[in-house]
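Notes for the one structure printed next.
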Protein chains: 2
Amino acid sequence: MTDKNLKITIKDVAAEAGVSFGTVSRVINNDIHVKPETRERVLKAMERLGFVANRQARSLAGGKTHFIGLLVPDLGTGYIGEIIRGIDAELTLQGLDLVLYTTHRTASKEAAYVANLAKGMVDGLLLVLPRNPADYIGVLTQRKFPFVLIDHQGTGKDCPAVGATNWQGGYDATEYLIKLGHRRIGFITGWMDLGCAQDRLAGYRAALRTYHIPEDPDLIYEGTFFQPDGYTGAMKFLDLPDPPTAIFASNDVMAMGVMDAVRMRGLRVPEDVSVLGFDDIPQASLVRPALTTVQQPLENMGRVAAQMLLDLIDQPERKVGRIELSTKLVIRESCQPPRSR
Amino acid sequence: MTDKNLKITIKDVAAEAGVSFGTVSRVINNDIHVKPETRERVLKAMERLGFVANRQARSLAGGKTHFIGLLVPDLGTGYIGEIIRGIDAELTLQGLDLVLYTTHRTASKEAAYVANLAKGMVDGLLLVLPRNPADYIGVLTQRKFPFVLIDHQGTGKDCPAVGATNWQGGYDATEYLIKLGHRRIGFITGWMDLGCAQDRLAGYRAALRTYHIPEDPDLIYEGTFFQPDGYTGAMKFLDLPDPPTAIFASNDVMAMGVMDAVRMRGLRVPEDVSVLGFDDIPQASLVRPALTTVQQPLENMGRVAAQMLLDLIDQPERKVGRIELSTKLVIRESCQPPRSR
DNA sequence: GTGAAAGCGCTAACAG
DNA sequence: CTGTTAGCGCTTTCAC
């Protein structure tokens with residue numbers, strides 16, 4: 001562990017190993033045209049000197065930056081964190097690094113970041129819960145710039161994306177509640193600008209229809225995926241002359257808001273009101289009663305998206321469309337049959 | 001918006017504007033030695049061509065990467081997200097980008113990342129909740145590599161760091177409970193490897209001492225900052241022959257675990273047991289009852305740390321030590337005087 | 001197999 | 001004020 005203060009370049013390594021610096025470069029890049037014996041000598045020299053390749057230089061000369069841009073709306077809930085965990089795992093494997101941009105749900109920022117990043121700052125883009133991808137998907141596609149959308153329903157165009165089976169998730173959860181005996185099921189939507197929110201609602205509606213339960217507009221509350229929406233929506237439901245016996249929130253944090261509201265009214269979950277969420281964030285299994293919820297394979301979505309992006313970077317011509325990972329109903333403690341009346 | 005597919009370099013701009021490419025470089029770098037008129041012409045040419053400077057090349061030639069490395073343990077709780085929000089705001093202002101590394105609390109990863117990053121990949125390092133900084137602080141300091149520790153108590157060495165007044169926060173909260181009339185106050189610690197956890201406990205102890213309340217080892221449960229610790233710890237407390245009337249958890253997520261445990265026992269917060277947290281993550285004000293907690297100025301810590309780092313990058317010789325931002329007790333609904341017996 | 005040479009796009013002296 | 005000239009550290013030809 002020689003700790004010279006100065007930067008060690010391939011030239012230093014070359015001198016140390018007694019080869020030309022071109023050969024060192026070959027070793028670094030795992031070029032086959034190096035005698036095993038020479039390779040060994042170079043590797044040893046690198047270690048002895050504590051050599052670390054300069055990324056900037058590699059990029060300049062070679063073309064790749066070894067950076068992947070990651071755009072996320074925010075880091076507030078565990079939701080994004082889980083996705084990033086998956087992305088991270090996959091990228092680390094390939095020696096790529098993540099450049100993080102937080103858009104705070106500002107559409108203009110999103111477009112601006114994308115525009116700049118696509119001009120060579122990163123090798124590819126991962127867009128989580130993109131707000132208005134329509135603005136830039138065209139440009140990205142035309143330039144053949146690699147990108148993958150995470151958790152977004154296509155804008156009609158078919159472009160690389162990974163998401164979950166939101167419709168099915170909404171359907172399954174609602175069906176589960178119906179089979180438990182519930183007839184009045186409140187639904188709190190997500191932010192309806194997002195395709196996933198629309199799909200979950202559609203799934204809920206479809207299940208009602210299948211079981212011939214009339215839809216009641218009073219039992220649908222439009223939220224935005226934030227916890228207070230769950231609270232407010234539930235309060236509104238509970239004030240109804242004929243309140244629901246179960247409430248299905250479009251994500252877990254809103255479901256927690258619902259739980260708070262139910263308790264606030266002096267009622268109990270699940271005895272008086274069943275509560276069901278969506279996502280299965282880490283918190284879901286930790287609250288009491290543990291939340292029954294529709295699991296999204298968040299970490300896996302991140303991992304799959306990263307893989308897709310890497311493929312796309314290797315073979316830009318390859319056509320890939322949307323991949324849907326399946327959701328799964330995770331039954332815990334927050335739902336039970338309604339009280340008999 | 002000329003959309004040539006090829007990369008546009010300063011040479012193209014130079015040709016377009018009818019100047020040498022050295023002049024274009026000056027314009028990019030806001031060099032004063034350019035005739036306003038010429039600058040204008042160059043700027044126009046850049047716009048016309050849609051020029052974006054190549055970061056890799058700038059770094060290679062100029063020395064700065066315009067990237068800041070950010071090491072975080074994980075992205076699970078809102079806690080880190082808030083800090084990042086502050087960092088982000090400050091860095092965006094300066095046109096710097098964030099390279100994200102998630103260590104997942106693995107000490108070896110932490111050291112490895114730091115070692116690599118410090119070798120020119122980024123201009124500076126921001127280390128949130130570092131696990132074993134002692135391993136690399138020496139090297140970093142010796143090389144005069146700019147870095148700032150966030151939320152970590154110094155290892156004896158005095159190095160750039162920003163944190164909160166954890167001791168005072170622990171003291172204030174405990175004092176508040178005592179003044180409410182509580183005598184038996186359960187305390188759930190954080191991960192005791194971390195200085196902040198130690199300080200909060202020390203503050204708790206100091207307050208007890210001040211008010212001549214004997215410390216009871218049964219009322220201290222060692223946790224690790226995760227929600228289940230709060231649940232388990234509270235369960236243990238509640239099983240005591242003489243259970244506490246108030247429980248102070250070393251962070252908010254553990255406090256939420258405590259709330260769950262209290263409810264699980266059929267008791268109410270705050271009527272039967274008061275609960276107090278630490279951090280004031282966004283969730284704290286959203287749960288019911290809203291959590292009384294010690295607020296850490298998380299976002300501001302991020303902002304201040306970023307500023308410190310930028311200063312350090314500009315003036316590497318400058319000596320800076322630890323900055324402590326003050327905590328504040330935020331009184332909401334989860335605490336009240338104990339039931340009279 | 002390996003060495004030598006030519007840039008990648010830009011900054012930073014250095015001359016005028 | 002502006003043009004010119006060297007590199008920054010590395011990948012890639014292209015020879016040998």
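This one's a predicted model, so the numbers in the text were calculated from it and none came from an experiment. When reading the values below, keep in mind they use all heavy atoms of this one structure, side chains included, and skip hydrogens, waters and symmetry mates. Residue numbering restarts at 1 for every chain, and letters A, B, ... go by the order of the sequence lines.
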**Item:** salt bridge (Lys or Arg N to Asp or Glu O under 4.0 Å) between B:E82 and B:R85, intermediate numbers included
**Value:** CA-CA 5 Å; B:E82 287 299 294; B:R85 187 195 295 274; 3.6 Å; yes

**Request:** Show your reasoning for whether ring-ring contact (aromatic ring centres under 6.0 Å, His included) applies to B:Y136 and B:F147.
**Result:** CA-CA 11 Å; B:Y136 46 78; B:F147 72 98; 7.7 Å; no

I'd like a table of atom pairs between the protein and nucleotides 8-11 of chain C - only N or O on both sides, under 3.5 Å - with the distance next to each one.
from   : atom 1 : to    : atom 2 : distance (Å)
C:dC8  : O2     : A:L60 : O      : 3.4
C:dC8  : O2     : A:A61 : N      : 3.2
C:dG9  : N2     : B:A57 : O      : 3.4
C:dC10 : OP1    : B:N54 : N      : 3.3
C:dC10 : OP2    : B:I10 : N      : 2.6
C:dT11 : OP1    : B:N29 : OD1    : 3.3
C:dT11 : OP1    : B:N29 : ND2    : 3.1
C:dT11 : OP1    : B:R58 : NE     : 2.8
C:dT11 : OP1    : B:R58 : NH2    : 3.4
C:dT11 : OP2    : B:S25 : OG     : 2.7
C:dT11 : OP2    : B:N29 : ND2    : 3.4

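Atom-to-atom distance recorded for B:L49:CG and B:D12:CG is 6.0 Å, nearest 0.5 angstrom. Rounding to the nearest 0.5 Å gives a distance of 9.5 Å between CD of A:E299 and CG of A:D88. In this structure, the separation between CG on B:N300 and CD1 on B:I83 is 11.0 Å, given to the nearest 0.5 Å. Between atom CD of residue B:E16 and atom CD1 of residue B:I8 there is a gap of 9.5 Å, rounded to the nearest 0.5 Å. Taken from CG in B:L96 to CG in B:L310, the straight-line distance is 6.0 Å, to the nearest 0.5 Å.
Nearest heavy atom pair, residue A:Q56 against residue B:S59, reads CG-CB, 3.2 Å.
The span of DNA chain D lying next to chain A, judged by atoms under 4.0 Å from heavy atoms, is bounded 5' to 3' by D:dG9 to D:dT13.
A donor and an acceptor atom, one from each side chain of A:D123 and A:T65, are located under 3.5 Å apart. In this structure, a donor-acceptor pair under 3.5 Å is absent between the side chains of A:Y79 and A:Q296.
Contacts with DNA chain D (heavy atom under 4.0 Å) in residues 31-38 of chain A: none are found.
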